[in-house]
There are 2 protein chains.
Amino acid sequence: MAADSSRMDPDTAAPDTAAGPGRLRSDARHNRARILEAAREAFAARGLDVPMAAIARRAGVGVATLYRRFPTRESLVTEVFADQLADCVGVVDEALADPDPWRGFRTVIEKVCAMQVADRGLTAAFLTEFPGAVEFERERMCAERGFATLTRRAQEAGHLRADFARTDLTLVMKANEGVVAESSEAAAAASRRLVAYFLQAFRSDHTTSAPDLPPPAPIGLYHFDPLTEGR
Amino acid sequence: MAADSSRMDPDTAAPDTAAGPGRLRSDARHNRARILEAAREAFAARGLDVPMAAIARRAGVGVATLYRRFPTRESLVTEVFADQLADCVGVVDEALADPDPWRGFRTVIEKVCAMQVADRGLTAAFLTEFPGAVEFERERMCAERGFATLTRRAQEAGHLRADFARTDLTLVMKANEGVVAESSEAAAAASRRLVAYFLQAFRSDHTTSAPDLPPPAPIGLYHFDPLTEGR
DNA sequence: CCGCAAACGGAGGCCACCGTCCATTTATGG
DNA sequence: CCATAAATGGACGGTGGCCTCCGTTTGCGG
């Protein structure tokens, strides 16, 4: 559908994720950008399941425009989170440059979890497999590899327990997602405390004393029906 | 699904939570029980947001019957989870009877998290405030108080870190919920590992060596759109 | 300045869920 | 056995999200 003949001029390589803005009319390009920004805000604020119409409205375009540019929600999601993912890779790279292996490892965990707090959609985007989004997948794999290196280094330095597994990062992210899900001021504090607990569990040299825990947050209970209430 | 009337002698008063089955016609009482059972299964399998119609169908009744007996989803939820909550109180009481304070503490965390895995709705039910359900709230508070005692004892015995806060149980439950959310075989294993990490972080006497970690589970990524796929 | 394909927006069909209403069935006490 | 109120079930109107279709507008190359 929506083939639009303009596709495929061979010189714009990298029609990577979702047919990049290659040859769009100026207004279209402008709207595309607005949509992306609106989607980014919306995803961050309410997670990946915001109604498409809400994104369109926020962007000041009609739904049709949204759908023409991003035929599926997935295409929109991968496009939106492409740079967040890049940020993550940046975090990992930065940590890899850190001469202190444990600090590098710790920083990644802390920063990633902090990002999750700031962006309600981040976790879902990260932990979801997008068979179509090649570049997206590639970049995630890159981040994973970097983290694996970080892990190995910290382990070899004797700071990280030997049985820490690569998949434990996913474990941490999902756990943090659970804590952060019902976004609130308290969520950020709770997340920090969670992370501190995790790091305490992960470290293996107990020669130095453990750092203090962030204060406990009075994590609120859910209000009834966390699902229906949204929107 | 033959109903089996065996349960319950009718004179048990206690029309506590939501207008108990006090004086219902026999068929109505029977249907009420079927609804509760269907709801319990449905909530366990898919969480609190199963369509009311699905519960009704599963119970073999019409929606009207369901709504007449339980005018709101909340009333159904509180009724269904009343005994699960009782189970929890049981777990806490049992732990209180344990002479070993740390084992008692540990057991509660482990069992509660295991229950979360077995019942997709448990967490939401527990962590949600039901202003109407007096008895429900009272019982939860009772469980909380018991856990607080458990906590204090373990701390006084020097096994639990002094800065463990009461709200950290909520933290654990929410984190576990995040891990378990996308139910799968792997989720149970992941949850066990998470719990082990938590306990490692919580213990304060590092004189004895830490127990082994359950094996890492290859926690799957989400498939795209965890929301729409349900049902 | 003009014509046309590209781009647009919103109406509308579809579907799932909610919660109510009412004609019919059924348990039960006399 | 019957009268009757309780109980039932499914149809139905309402809402909200998804996605497409189509008549109109608009950027842009000539």
Side-chain angles (χ1 to χ4, degrees), chain A residues 1-9 18-36 38-39 42-43 46-77 224-231, chain B residues 1 3 5 10 15 18-36 38-39 42-43 46-77 224-231:
Chain A
M1 64 206 33
D4 68 24
S5 48
S6 69
R7 252 166 89 82
M8 304 296 94
D9 35 356
R23 280 270 151 264
L24 284 180
R25 228 168 66 176
S26 66
D27 54 343
R29 193 145 14 96
H30 177 234
N31 278 336
R32 188 173 194 281
R34 303 236 310 169
I35 290 173
L36 280 173
F43 289 153
R46 328 207 219 187
L48 256 36
D49 60 337
V50 284
M52 293 296 251
I55 297 175
R57 197 169 345 107
R58 191 167 199 147
V61 304
V63 265
T65 302
L66 174 51
Y67 278 105
R68 189 171 322 104
R69 234 32 93 197
F70 303 95
T72 69
R73 183 183 292 267
E74 175 175 342
S75 61
L76 181 56
V77 168
F224 182 64
D225 210 345
L227 335 132
T228 307
E229 57 113 16
R231 200 86 338 105
Chain B
M1 39 216 64
S5 48
R23 276 278 148 257
L24 285 179
R25 227 169 67 176
S26 66
D27 54 343
R29 194 151 7 102
H30 178 231
N31 277 338
R32 189 174 194 280
R34 304 236 310 169
I35 290 172
L36 281 173
F43 287 153
R46 329 207 218 192
L48 256 36
D49 59 338
V50 284
M52 292 297 249
I55 297 175
R57 196 170 345 107
R58 191 167 199 147
V61 304
V63 266
T65 303
L66 174 52
Y67 277 107
R68 189 171 326 101
R69 231 36 90 196
F70 303 96
T72 69
R73 182 183 293 269
E74 175 175 343
S75 60
L76 182 55
V77 168
F224 184 64
D225 210 347
L227 335 131
T228 306
E229 57 113 13
R231 194 87 355 91

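All values reported here derive from a predicted model rather than from experimental measurement. Only heavy atoms go into these numbers, but all of them, side chains included; no hydrogens, no water, no symmetry mates.
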Between B:Thr72 and B:Ser26, which has a closest nucleotide on DNA chain C that is more 5'?
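Between the two, 5'-proximity favours B:Thr72.
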Is [Y] close to [X] at the side-chain level, that is, under 4.5 Å between some pair of heavy atoms?
X	Y	value
A:Ile35	A:Leu76	yes
A:Arg69	A:Val61	no
B:Arg58	B:Val50	no
A:Val77	A:Phe70	no

How many Å lie between [atom1] on [X] and [atom2] on [N], as a whole number?
X	N	atom1	atom2	answer
A:Ile55	D:dG16	CD1	P	18 Å
B:Phe70	C:dT20	CZ	P	16 Å
B:Arg73	C:dT20	CZ	P	14 Å
A:Arg46	D:dG16	CZ	P	14 Å
A:Arg34	C:dC8	CZ	C1'	14 Å
A:His30	D:dC28	NE2	P	13 Å
B:Leu66	C:dG19	CG	P	10 Å
A:Tyr67	C:dG12	OH	C1'	14 Å

Sequence-distant partners of A:Arg57, salt bridge (Lys or Arg N to Asp or Glu O under 4.0 Å), two or more places apart:
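Salt bridge (Lys or Arg N to Asp or Glu O under 4.0 Å) check on A:Arg57 returns nothing, list empty.
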Interatomic distance, CZ@B:Arg32 vs CG@B:Leu66, rounded to 0.5 Å, equals 11.0 Å
Where do N or O atoms of nucleotides 6-12 of chain D meet protein N or O atoms at under 3.5 Å, pair by pair?
from	atom 1	to	atom 2	distance (Å)
D:dA6	N3	B:Arg25	NH1	2.7
D:dA7	OP1	B:Arg25	N	3.1
D:dT8	OP1	B:Asn31	ND2	2.5
D:dT8	OP2	B:Arg68	NH1	3.2
D:dT8	OP2	B:Arg69	NH2	2.9
D:dG9	OP2	B:Gly62	N	2.9
D:dG9	OP2	B:Thr65	OG1	2.9

